[in-house]
A.B. asks: 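Next up is a structure, given as structure tokens.
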Amino acid sequence: MTTKERLHKLVDELSEAEADDALRYVGSRREGEATDSFERWLDSRPDDDEPLTAEDEEAIAEGLADKAAGRLISHEEMLRKYG
């Protein structure tokens with residue numbers, strides 16, 4: 001069996017998610033781009049499909065309320081205060 005035949009056999013056995021990851025990898029190799037770039041890595045990660053907990057929703061609501069009330073500090077101020 002040739003290398004390409006073995007590869008075809010393996011591809012046929014992949015799940016859709018595995019095939020998507022493999023396609024991204026092979027595509028990046030053929031384009032000659034770096035495969036270790038952060039953006040490419042981040043794009044290849046699966047979406048977070050874990051549902052929000054009540055605690056998560058409470059924390060988000062608290063943050064949005066702070067933002068709406070203007071209770072924010074800049075990144076620069078944060079660095080000055082806390083290093």
Side-chain angles (χ1 to χ4, degrees):
M1 183 180 286
T2 69
T3 301
K4 284 187 176 183
E5 288 170 337
R6 290 190 352 247
L7 182 58
H8 281 282
K9 183 177 180 337
L10 288 173
V11 167
D12 288 339
E13 295 171 0
L14 294 175
S15 69
E16 281 299 314
E18 291 169 327
D20 186 54
D21 288 343
L23 181 60
R24 288 176 199 248
Y25 175 76
V26 171
S28 70
R29 299 287 296 191
R30 289 185 56 92
E31 294 167 9
E33 298 175 12
T35 59
D36 60 346
S37 75
F38 179 73
E39 185 175 341
R40 183 175 315 289
W41 176 83
L42 193 57
D43 286 343
S44 72
R45 306 293 16 121
D47 290 337
D48 182 6
D49 61 355
E50 187 174 320
L52 295 176
T53 65
E55 185 179 81
D56 295 333
E57 291 176 356
E58 187 177 311
I60 292 168
E62 182 180 327
L64 292 173
D66 284 343
K67 180 181 176 187
R71 292 187 297 262
L72 303 174
I73 64 171
S74 69
H75 183 252
E76 291 77 19
E77 185 178 346
M78 185 77 140
L79 289 175
R80 279 193 304 273
K81 284 178 118 176
Y82 303 105

A.B. asks: Tell me whether the count of non-hydrogen atoms from other residues, nucleotides or ligands lying under 6.0 Å of CD in E5 goes above 12.
C.D. replies: yes
A.B. asks: Do any side-chain atoms of residues 75-83 form donor-acceptor pairs under 3.5 angstrom with protein atoms, and if so which ones, sequence neighbours left out?
C.D. replies:
none

A.B. asks: Using atom types as modelled and distance alone, determine if a side-chain donor or acceptor of D48 lies under 3.5 Å from a backbone N or O of E50.
C.D. replies: yes
A.B. asks: Could you tell me the separation between the CZ atom of R6 and the NZ atom of K4, rounded to the nearest 0.5 Å?
C.D. replies: 13.5 Å
A.B. asks: Would you name the heavy atoms of D43 and R24 that are closest together and state the gap between them?
C.D. replies: O-NH1, 3.1 Å
A.B. asks: Take atom CD of E57 as the centre, draw a 6.0 Å sphere, and report whether it contains more than 12 heavy atoms from other residues, nucleotides or ligands.
C.D. replies: yes
A.B. asks: Under the salt bridge (Lys or Arg N to Asp or Glu O under 4.0 Å) rule, collect the residues that match up with E13, sequence neighbours excluded.
C.D. replies: K9
A.B. asks: Determine whether a donor-acceptor pair (N or O, by modelled atom type, separation under 3.5 Å) exists between the side chain of D56 and the backbone of T53.
C.D. replies: yes
A.B. asks: Looking at every heavy atom in both A22 and L14, which two are closest together, and how far apart are they?
C.D. replies: CB-CD1, 4.2 Å
A.B. asks: Mind checking the NE2-OG1 spacing from H8 to T3? Nearest 0.5 Å is all I need.
C.D. replies: 11.0 Å
